[in-house]
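What follows is a short report on a single structure.
First listed ligand is number 1; within each ligand, the first listed atom is number 1. If you read the sequence from its start, that first residue is 1, and numbering goes on from there.
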Amino acid sequence: MTAMYDKFAAFYDLEYGHKEDDLDFYLSLAQQYGAPVLEIGAGTGRISMLLAEAGYEVVGMDNSMPMLKQAAQNISTLPDNEQNSIKLVLGDMRSFSLEERFPLCIVPFRAFLHNQTQEEQLQTLQCIYDHLTPSGVLAIDVFVPLYHVIENSAWDDEINQDELADPEAGVSISCHIEHNPAIQVLAIQNTYRQDGKKDKICKMKYRYVFRYEMELLLKLAGFEVIQVLGSFEKAPYNYFSGTAIFLARKRA
Ligand SMILES: C[S@@+](CC[C@H](N)C(=O)[O-])C[C@H]1O[C@@H](n2cnc3c(N)ncnc32)[C@H](O)[C@@H]1O
């Protein structure tokens, strides 16, 4: 079966492999709450690898085989002991079942927003709940739906070559975004252009969530919200920051 990110896998590291703003934050959570860490939507291993390099055991789950194949290739560059600390698992965040229980589950870089309906959101949270230890903690980061952005029904964006991990790769990216406010969904179409090659088109969807909607979803799934942050530097939630991070634990 195909997954939303299958076609993105060839470009993901070029576009986001060098993203670093969230690394210290997720590392600090592992230091605070311990391991093994379950990373949902582990992608090409950007964060799982960081945690393994710091000595933590990680299970990285993703529903895209091409993303996991790229992760395996990236992980193969690590020393053996760090490679052995990462277990990659093909699975769907809405319906996974693992033997292990985790003191920390992280859902970085907006992966939670790939749940398209309230039912899917709750299925994901309930699956995570079932995989946490009794005092286990969940961390989810999402973007804040800014009103001046979501007042639009469609817009275009460009990612310049010098914003990519390798500006010399000769790839440019155009994004077209369509917004359906009735269902809070942004449908994103990226066109990847490279000299001498056929354009590649990749599509994905985000269902955005508002702060108190997310808090309610967490409560409905049995969590207690510990903190809502507005930055990876752990500043309190701030609508204008553009980022919202939810920390929650199982309700006693
Ligand atoms: C924005 S990427 C984040 C990758 C990685 N965590 C990072 O921070 O670089 C989102 C990831 O979520 C995965 N994903 C989307 N829907 C999923 C689902 N239903 N179950 C598991 N993974 C999913 C995608 O395949 C993709 O790898």
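Electrostatic pairing of Glu120 and Arg207 does not count as a salt bridge here, judged by no charged N lying under 4.0 Å from a carboxylate O.
With Glu39 contributing its side chain and Ser48 its backbone, the two residues share a donor-acceptor pair below 3.5 Å. Formation of a donor-acceptor pair under 3.5 Å by the Ser76 side chain with backbone atoms of Gln73 is found in this model.
Among residues at least two apart or in separate chains, side-chain hydrogen bond (donor to acceptor under 3.5 Å, both in side chains) pairs with a member in residues 231-252 are Ser28-Lys234. Sorted by first and then second residue, the salt bridge (Lys or Arg N to Asp or Glu O under 4.0 Å) pairs with a member in residues 43-57 read Asp22-Arg46; sequence neighbours excluded.
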Under 3.5 Å, which donor-acceptor pairs do the side chains of residues 196-206 form with other protein atoms, sequence neighbours left out?
residue: Asp199; atom: OD2; partner: Arg193; partner atom: NE; Å: 3.3

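Around ligand 1 you find Tyr5, Tyr12, Glu39, Gly41, Ala42, Gly43, Arg46, Ile47, Asp62, Asn63, Ser64, Met67, Gly91, Asp92, Met93, Arg94, Phe109, Ala111, His114, each with a heavy-atom distance below 4.0 Å.
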